[in-house]
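Worksheet: one structure, shown below.
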2 protein chains.
Amino acid sequence: MWSNHINYDVWMRTHQLVLHWIENQLSEGQLSVGGRLPAERTLAEQLKVSRTSVREAIRILEALGVVRAGVGSGPEAGTVVISDPTAALGSTLRLHVATQHLPVADIVETRVLLESWAAAHVRPDAPELATAATLLDEMDAVGHSSGDGAAPIDDFLALDVRFHLALADAAGNTVVSAMMGSLREAIQGYAGRLTANLPDWDATASRLRAEHHGILAAIQNNDGGRAAALVAAHIEGYYREAGVKRPPEA
Amino acid sequence: MWSNHINYDVWMRTHQLVLHWIENQLSEGQLSVGGRLPAERTLAEQLKVSRTSVREAIRILEALGVVRAGVGSGPEAGTVVISDPTAALGSTLRLHVATQHLPVADIVETRVLLESWAAAHVRPDAPELATAATLLDEMDAVGHSSGDGAAPIDDFLALDVRFHLALADAAGNTVVSAMMGSLREAIQGYAGRLTANLPDWDATASRLRAEHHGILAAIQNNDGGRAAALVAAHIEGYYREAGVKRPPEA
DNA sequence: GTAAACGATGTGGTCCAACCACATCAACTA
DNA sequence: TAGTTGATGTGGTTGGACCACATCGTTTAC
């Protein structure tokens, strides 16, 4: 339907020309993850545009998680192709939440949807399951000494994030993983603030620990349906306890 | 956990400073959809940065579907806040597909997941259902005269897109809608090219028409489960017929 | 009086030339 | 041989200039 070649006759902003050139290089495999873009000045000369326009294009690709720019010399320097869709999707969602056009409730609901699916589709032999089990052990270790201040809570939540992401990764769908991660990232600040609303953190932590073990057990027991249901209840329970209002279900 | 105030002591690239300033304005409601950003030169002076840095920030926001820049004077001019997450998510996914780090099969699988959920959660009284029904009527009208060339096929596919998006919107979750649309957009070129692989377009079109009616009927019949299953079969069937290989299911 | 033409104003779009900070690596020096 | 030093090349930032465009007054011609 569409050619890979670009019609340069149609009007196009200069930085978009650069953008399309780079996207073509990616599609044709002449540029791939780990590869390096020509230097900004070089690229500007090659494409007969100003360095400013090249830089605008690179900025966009950077925001989209496609490249990473580094100053100086050596392997860390230059503009290299990466692939971090999660960060890009996350900031996109976060910005649009800020504009009040993406309700947090919708994000939570979507997270439940994706994560339930992931739980139901985890391969029992996925290596990420071992990681998840290890994370649960670590979560059992922290938080028991809650008199030390808030640090254990943050540690616990950080492990919690990694546990959920590990399960998502174990399902083997990169798009679902990326979207899951981005949803979490988008409401991370929001969710963090909610933690203060919890009436009894120790009780909540204990419950979360137990639910995590239950989810993992269901997965290891090859009971995807139960795992999905447990995950849904787990997430929804947390947000409800922290005071997020859910929209009325049909 | 996190303050909304930014620590300007930490190192930060200049355009990110602008980015965070604007995001703050959005979060605090001092800037909302429909509102206009200060002129680039003004903003640069206010934030004590160069216009170039302001422009780089605006480019990013534009790529993220948060603002729209327009030259000239009047209501269409200036940089105004919009909210088009679908476009941003779409180009993000498309770029990462180009880097070979997001398999098309994963995108299709995710689309099936989201769209099935949407079909199961459509409110029977959603106004989008009427739109969907109208679209089906239009699809019945086009394509019957396939001797005219490729135009009817494109018309049919365009209506098909709108039908699926209408169903997604009818579920009432903006995040799911946006993601659905972006997934479709990301593989639009790919899917379009696949159409040429179809052995018998007329037969395919007839089948698609029948399946669409079946899906809509199931929804109107309040049978969400059946609707979800039909949608899944509908999408997977199309891609399978067009030659997309699916990964082995567990 | 009305309508067309014109110019002032303000917007984003593009380009250039210069300078900075940084990281490496080669040449030089003690 | 070990340390210093400078050359090189990368992205980061700035100021200024000019362009195209769209509007809205004012002026002008009828």
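Residue numbers start from 1 in every chain, and the chains themselves are labelled A, B, ... in the order their sequence lines are given, proteins ahead of strands.
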Query raised in the report: Among residues 51-76 of chain B, which residues get a heavy atom nearer than 4.0 Å to DNA chain D?
Result: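 Under 4.0 Å from DNA chain D: B:Arg51, B:Thr52, B:Ser53, B:Gly72, B:Ser73, B:Gly74.
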When the side chains of residues 68-78 of chain A are checked against the rest of the protein, which donor-acceptor pairs come out under 3.5 Å, sequence neighbours left out?
unit_1  : atom_1 : unit_2  : atom_2 : d
A:Arg68 : NH2    : A:Glu76 : O      : 3.3

Query raised in the report: Among all residues two or more places apart in sequence or in another chain, which pass the side chain to side chain donor-acceptor pair (under 3.5 Å) test with B:Thr79?
Result: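 Listed in chain order: nothing, the list is empty.
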Requested in this report: Go through the structure and list residues passing side chain to side chain donor-acceptor pair (under 3.5 Å) with A:Ser50, not counting sequence neighbours.
Outcome: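 Checked A:Ser50 against side chain to side chain donor-acceptor pair (under 3.5 Å); matches are A:Ser53.
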**Report entry** Residues that A:Glu45 engages under side chain to side chain contact (heavy atoms under 4.5 Å, CB included), provided they are two or more places apart
**Finding:**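 In terms of side chain to side chain contact (heavy atoms under 4.5 Å, CB included), with neighbours along the sequence ignored, A:Glu45 is linked to no residue.
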Query raised in the report: Taking 5' to 3' order, which nucleotide of DNA chain C is first and which is last to have an atom within less than 4.0 Å of a heavy atom in chain B?
Result: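 Listing 5' to 3', DNA chain C meets chain B from C:dG10 to C:dT14.
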Output side-chain donor-acceptor pairs under 3.5 Å for residues 60-67 of chain A, partner residues at least two apart or in another chain, one line each.
unit_1  : atom_1 : unit_2  : atom_2 : d
A:Glu62 : OE1    : B:Arg13 : NH2    : 2.7
A:Glu62 : OE2    : B:Arg13 : NH1    : 3.2
A:Glu62 : OE2    : B:Arg13 : NH2    : 2.7

Query - Rounded distance in Å - CZ (A:Arg41) to P (D:dG12) - result: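 One finds 10 Å between P of D:dG12 and CZ of A:Arg41, rounded.
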Query - Nearest-angstrom distance from the residue atom CE of B:Met12 to P of D:dG12 - result: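 B:Met12 atom CE is separated from D:dG12 atom P by 15 Å.
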State which residues pass salt bridge (charged side-chain N to carboxylate O under 4.0 Å, His left out) with [X]; sequence neighbours excluded, sorted by chain then number.
{"X": "A:Arg51", "result": "A:Glu40"}
{"X": "B:Glu56", "result": "A:Arg55, A:Arg59"}
{"X": "B:Asp160", "result": "B:Arg184"}

Query raised in the report: In degrees rounded to 10°, what angle is found between the helical axes fit to the five outermost pairs at each end of the helix from C:dG1-D:dC30 to C:dA30-D:dT1?
Result: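 Nearest ten degrees gives 30° for this helix.
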Query raised in the report: Which pairs with one or both residues in residues 48-105 of chain A pass ring pair (Phe, Tyr, Trp, His ring centres under 6.0 Å), sequence neighbours excluded?
Result: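 As it turns out, there is no ring pair (Phe, Tyr, Trp, His ring centres under 6.0 Å) pair with a partner in residues 48-105 of chain A once direct neighbours are skipped.
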**Report entry** From A:Leu102 atom CG to B:Ser83 atom OG, the distance as rounded to the nearest 0.5 Å
**Finding:**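 Answer rounded to 0.5 Å: 6.0 Å.
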Query raised in the report: B:Ala39 near the nucleic acid: base, sugar-phosphate alone, or nothing, with a heavy-atom cut-off under 4.0 Å?
Result: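 Since only primed, P, OP1 and OP2 atoms lie under 4.0 Å of B:Ala39, the category is sugar-phosphate.
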